[in-house]
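Heads up: the structure comes next, in structure tokens.
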Amino acid sequence: MGQYKKFKGTQDIFGEESKYWYFIEKKSRETFLKYGFKEIKTPIIEPTELFKRSVGENTDIVQKEMYTFEDKGGRSVTLRPEGTASVVRAYVENSMINLGSPIKLYYIGPMFRYEKPQAGRLRQFHQVGIEIFGTDTPISDAETIILADELLKSFGLKNYKIKINSIGCEKCRPKYREALKKYYKPLLPNMCHDCQKRYETNIMRLLDCKIDKEYAKEAPIILDHLCDDCKTHFNKVINYLDSLEIKYEIDSRIVRGLDYYSKTAFEIEHTDLGAQSVILGGGRYNSLVEEIGGKETPAIGFGMGIERIILALKKENVEIDNPEKIDVYIAYAGENTDIEALKLSKMLKNEGLKVFLNLSERSIRNQMKHANKVNAHFVAIIGENELKTDTVTIKNMTTGEQFEVEKFWVPQILKEKSLLE
RNA sequence: GUGGCAUUAGUUCAGUGGUAGAACGCCUGACUGUGGAUCAGGAUGUCGUGGGUUCAAAUCCCACAUGCCACCCCA
């Protein structure tokens, strides 16, 4: 073991793990393209101020979880803790409003939060996310949730629950907060220490407390306090989902941790995971673009945690194809066989086959062992005999079957065979 | 950030104060041009790191690091 170790909460992803990443990214892109989304890649560093403004000064993320440092120019730089702020910044900075509304964007990449790691919670983790800018219609909320559902289905996942709520807008939420305060005030002395703190900092979190569950049962519900606009909006979203027979639960405890949300908020929870069971979360944020300095632009989006999706895939035993599997291993031994091997390798790759050309000086026996090790489907052997007769010996490593073929036909035969099996 | 459990070979783990082990994996050979099965041989390592107690520490004590579990919070 070397003297250097990866930082806490970071990981090296390779070998059998890679197939999950390839799979999730591929399926995600396919699904997003089907819905007319376009990819955006933004920097992983942004001015600290951007996250303070968008995520919210008083959130845990900003208060204690950001990787923040000063660069050589004395600027305060932060490794992005989430994706939306950067995409909104990019939307405003590049005047994407001129690209026509609404515009649909997706991103895939690493995020950073200085947290105490657990399974499904890392300091560098990865998210796939989408944002839709420029529409406040209930149908756009519905499509966002439908897309999330379709995405999870495309992974082969089944054991998840969609939970929806409306957290109101700047008109109705303050009134609801008042109602909550009124309800909780007399109960407060009997409640846990955290709740007493939350009463001041984030009263909606009281509904979520695992200790004081009992009190939450009788608490006022936000859906009863929505303004007409929010109420109509929410009902329409629900209707759209019903019309497509999307299964969901209305859960008035969903409040979302980031400041910028309004109206529709939703979470998707996987039922087989531990404490970190939310695999996807999102909602509407109608004032954020303006907050960041753009024109008033309604928007909605979600973020999905890749690591948590992988945990879910493993829990549900979803079988994932490994794209790194080798079709043909080329083994050779004897004078000038290396040149023939190189030529054959080129021919096979031109046919789209995945080829592992032996790169070491070792016996055919050891090359066979290596071919077995890298899980090659076929081995093509070029020895002195083959060189004389202009042939190649092909061995099927699954069946053990072996035959000699004229060199010219090798690509075609291997291509057909590998497609058949 | 709080609390609990854990850390010994590449991996899974045994070893409760007296010279660091097993299984699997890895490498080599039996087999000079054929993998997997079998047999024989080989290498595994700062016992997480640092300190302390002791004649003697993987073993007892302390601190730190890392992982896991629960909380806070979140993807």
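None of the values given here were measured: they were computed from a predicted structure. Numbers restart at 1 for each chain; the letters A, B, ... are given by sequence-line order, proteins then strands.
- The NZ atom of K197(A) sits 12 Å away from the P atom of U2(B) (whole-angstrom rounding).
- Side-chain to base pairing of Q63(A) with G1(B): no donor and acceptor N or O lie closer than 3.5 Å to each other.
- One N or O donor and one acceptor, one from the side chain of Q402(A) and one from the base of U34(B), sit under 3.5 Å apart.
- Atoms CG (N358(A)) and P (G35(B)) sit 15 Å apart, rounded to a whole Å.
- Between the side chains of Y160(A) and D149(A), at least one donor-acceptor pair of N or O atoms lies under 3.5 Å.
- For the P atom pair drawn from G35(B) and C27(B), the interatomic distance equals 14 Å after rounding to whole Å.
- Per the geometry, CD belonging to Q276(A) stands 8 Å off P belonging to C69(B), to the nearest Å.
- Side-chain atoms of E17(A) and Q11(A), non-hydrogen and from C-beta on, never get closer than 4.5 Å to each other.
- Comparing the C1' positions of G18(B) and A56(B) gives a spacing of 7 Å, expressed to the nearest Å.
- Within 3.5 Å, no donor on the side chain of K5(A) pairs with an acceptor on the base of U66(B), nor the reverse.
- Between K8(A) and U66(B) there is a side-chain polar atom (N or O) within less than 4.0 angstrom of OP1 or OP2.
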**Q.** Protein-to-nucleotide contact annotation, 5' to 3' order, nucleotides 25-31 of chain B [B base; S sugar-phosphate only; - none; under 4.0 Å, heavy atom]
**A.** SS-SSBB
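- In this structure, Y199(A) places its OH atom 21 Å from C1' of C72(B), rounding to the nearest Å.
- Between F23(A) and F155(A), the two ring planes are tilted [angle within 30° to 60°].
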**Q.** Residues Y106(A), F37(A); criterion ring-ring contact (aromatic ring centres under 6.0 Å, His included); working and verdict
**A.** CA-CA 6 Å; Y106(A) 77 90; F37(A) 281 82; 7.3 Å; no
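- Relative to the ring axis of Y261(A), R284(A) does not place its NZ or CZ within 45° and under 6.0 Å from the centre.
- The separation of G45(B) from A22(B), taken at their C1' atoms, amounts to 15 Å, rounded to a whole angstrom.
- With both ends at atom P, the span from U44(B) to G10(B) equals 11 Å, rounded to whole Å.
- The base of A75(B) sits with one of its N or O atoms less than 3.5 Å from a complementary donor or acceptor on the side chain of E115(A).
- Atom P of U16(B) sits at a distance of 29 Å from the matching atom of C69(B), rounded to the whole Å.
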